[in-house]
2 protein chains.
Amino acid sequence: MARATKPESRERVRDAERSRELILDAAEHLFAEHGYEETSLSDVGKRAGVSRATPGYFFGSKAELHRAVLERCFADVRRAVREGKARALASGQTPDVILAGAVADYSDFVAARPNFVRLIEREALSDRTVLEGMPLRLAVWQEALAAFRQELGLDISDTSEAAHLLLSLVALTWFPIVHGGTFLKAVGLDPQAPDFAEQRRRHITTLLLGALRERAGNTSTWS
Amino acid sequence: MARATKPESRERVRDAERSRELILDAAEHLFAEHGYEETSLSDVGKRAGVSRATPGYFFGSKAELHRAVLERCFADVRRAVREGKARALASGQTPDVILAGAVADYSDFVAARPNFVRLIEREALSDRTVLEGMPLRLAVWQEALAAFRQELGLDISDTSEAAHLLLSLVALTWFPIVHGGTFLKAVGLDPQAPDFAEQRRRHITTLLLGALRERAGNTSTWS
DNA sequence: GTTAACTTGCTGGCTGACAAGCAAGTTTCT
DNA sequence: AGAAACTTGCTTGTCAGCCAGCAAGTTAAC
């Protein structure tokens, strides 16, 4: 089983692990880009460079492949959340600075992985119930919320304050990914423009910082 | 066949206009709820109380029906935008108050018509090009942007400021509609709770007002 | 160290389900 | 009677899942 007994032989060896990954990559791209229903296992096979039937062979069914893609996606998100949290806590900065850093971190993350946003967005819109039976996804958001609270020094008394703040961060960050070609263009914003990302990041930071300062008789002044 | 030979004719009268509306209503619901691909013309016919082929008879094709649904949807949005603009300008209030009112108005609108949000969101995610050939949708957003700018007294110098503000309003307002059952639940927010809508509205208002005041050396103080 | 028995990776053909669109009805209205 | 408003039947196409098979490897027997 342990892969790679490859002494010479640089040719195409049969490699289940590699095939699985190729299929997952292909499926992630196609599911994110065109949606679950619009993607056939044939398409996945073609893009992965394997045959029509191979995705089914490895993952049992289309639904199972889909679940595997989502699972891997949430695992990546969790990793990013943990890295961000570690960085924020290690910095020892004020909540203001930490919040600004979180905005930048998360903006970068979704910009680097737009497929994740699209995948989750599609899933939320669909009436599929895959997400229900996925404890990982629940854990990820709860972990993010806890980290957010801790980083910003929000006590537990006002329980929903941090949730609303996180919700807003996510909403503001995701929107341009999904509606970049439609809404943004319509109101004269070009998400491809070199300064758009920076401009947007600034705007989001302004919004959230205002709310954070307003929240309590905060002593820190910034500006 | 089923037809129930009506002697008196309390029965289904033939009314093309009414049938069209019933079909549009059914299609809007199904497209929004389950998506375009997952909805068959049979489903639409069944929900509209007509036969399998009637949607095709009136609209020519599934794609045309879809386009008709979207067109009607944007027409409704435009009506709402115009009403909101008229109300705002008639009020003669300060930008702060007007912005708060716009948040309330728009929150109510999307809460009352979650299907519109889902339809547009699905359309943005899909790789269909229907929206391209729909001047109405472009006009609606541009009209909304112009109204926003005028209401808030944002001059034309900083052209993207109003766009970012509107973008944020839309992003913040739409998100709970789409992710109410997934993300919101995960972070402990219940979009069905009686006070959620109000709480959310307040939060959004706080965010946007902060940004509006920050934008310029604004003289108005509020709080 | 060759070969035979067996496993794993992967493929193409087949089938049953379902959907879109058309064509040829049938019913109702005027 | 004729057109408009529907409906039923049919054709064609697509796709998921199953199956039988083959080829590349692996283990074991000799």
Side-chain angles (χ1 to χ4, degrees), chain A residues 1-27 30-31 33-69 126-128 130, chain B residues 1-27 30-31 33-69 126-128 130:
Chain A
M1 192 76 51
R3 217 70 355 247
T5 49
K6 40 83 225 200
E8 321 298 308
S9 86
R10 217 211 323 267
E11 316 110 16
R12 266 279 175 273
V13 280
R14 302 188 333 167
D15 185 341
E17 209 46 54
R18 174 177 165 77
S19 293
R20 283 183 67 95
E21 289 301 314
L22 284 175
I23 290 167
L24 277 175
D25 290 344
L30 292 172
F31 285 158
E33 208 74 21
H34 309 294
Y36 179 79
E37 299 288 336
E38 293 89 334
T39 300
S40 75
L41 291 180
S42 272
D43 296 336
V44 175
K46 187 180 298 179
R47 179 167 236 268
V50 297
S51 88
R52 183 164 53 80
T54 312
Y57 169 74
F58 278 111
F59 293 91
S61 72
K62 189 180 177 182
E64 270 306 307
L65 171 58
H66 184 226
R67 148 180 282 277
V69 166
S126 87
D127 41 0
R128 276 162 245 135
V130 207
Chain B
M1 193 146 293
R3 219 34 28 196
T5 65
K6 39 68 232 225
E8 307 306 305
S9 96
R10 199 228 347 259
E11 308 298 333
R12 275 275 170 272
V13 281
R14 289 195 164 197
D15 184 343
E17 211 45 53
R18 173 177 164 79
S19 293
R20 282 181 70 95
E21 290 301 315
L22 284 174
I23 290 167
L24 277 175
D25 290 343
L30 292 171
F31 286 157
E33 208 75 22
H34 309 294
Y36 180 78
E37 298 288 335
E38 294 88 334
T39 300
S40 75
L41 290 180
S42 273
D43 296 336
V44 175
K46 187 180 298 180
R47 178 167 238 266
V50 297
S51 89
R52 195 160 47 82
T54 311
Y57 170 73
F58 278 111
F59 293 91
S61 72
K62 187 180 178 182
E64 270 306 306
L65 171 58
H66 185 225
R67 149 181 279 278
V69 166
S126 88
D127 43 1
R128 275 162 247 138
V130 207

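Only heavy atoms go into these numbers, but all of them, side chains included; no hydrogens, no water, no symmetry mates. In the text below, chain A, chain B and the rest are named by the order of the sequence lines, each starting its count at 1.
- Every side chain to side chain contact (heavy atoms under 4.5 Å, CB included) that B/Asp15 has, sequence neighbours left out, goes to B/Glu17, B/Arg18.
- In this structure, the CZ atom of A/Phe59 is 11 Å from the P atom of C/dC10, given to the nearest Å.
- In terms of the ring pair (Phe, Tyr, Trp, His ring centres under 6.0 Å) criterion, residue partners of A/His66 (sequence neighbours excluded) are, by chain and number, A/Phe31, A/Tyr36.
- For the pair B/Glu17 CD and D/dC6 C1', the interatomic distance rounds to 15 Å; values are reported in whole Å.
- Considering only side-chain N and O atoms, A/Ser19 lies under 4.0 angstrom from the phosphate OP1 or OP2 of C/dC10.
- The distance between atom CD of A/Glu64 and atom P of D/dA16, rounded to the nearest whole Å, is 15 Å.
- With sequence neighbours excluded, no residue satisfies side-chain hydrogen bond (donor to acceptor under 3.5 Å, both in side chains) with B/Arg20.
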Worksheet item: Quick one: what's the B/S/- string for nucleotides 11-24 of chain C, heavy-atom cutoff under 4.0 Å, read 5' to 3'?
Response: BBBB----SSB---

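- Between B/Leu24 and B/Leu65, the closest side-chain pair of non-hydrogen atoms falls below 4.5 Å.
- The distance from atom CZ of A/Arg18 to atom C1' of C/dT8 is 18 Å, rounded to the nearest whole Å.
- The CD1 atom of A/Ile23 sits 11 Å away from the P atom of C/dG9 (whole-angstrom rounding).
- Remark: P of C/dT30 and CG of B/Asp15 are 10 Å apart, rounded to the nearest angstrom.
- For residues 53-65 of chain A, the side chain to side chain donor-acceptor pair (under 3.5 Å) pairs, not counting sequence neighbours, are A/Ser51-A/Thr54.
- Rounded to an integer number of Å, the gap from CG of A/Leu22 to C1' of C/dC10 is 14 Å.
- For residues 42-61 of chain A, no residue pair satisfies the salt bridge (charged side-chain N to carboxylate O under 4.0 Å, His left out) rule, not counting sequence neighbours.
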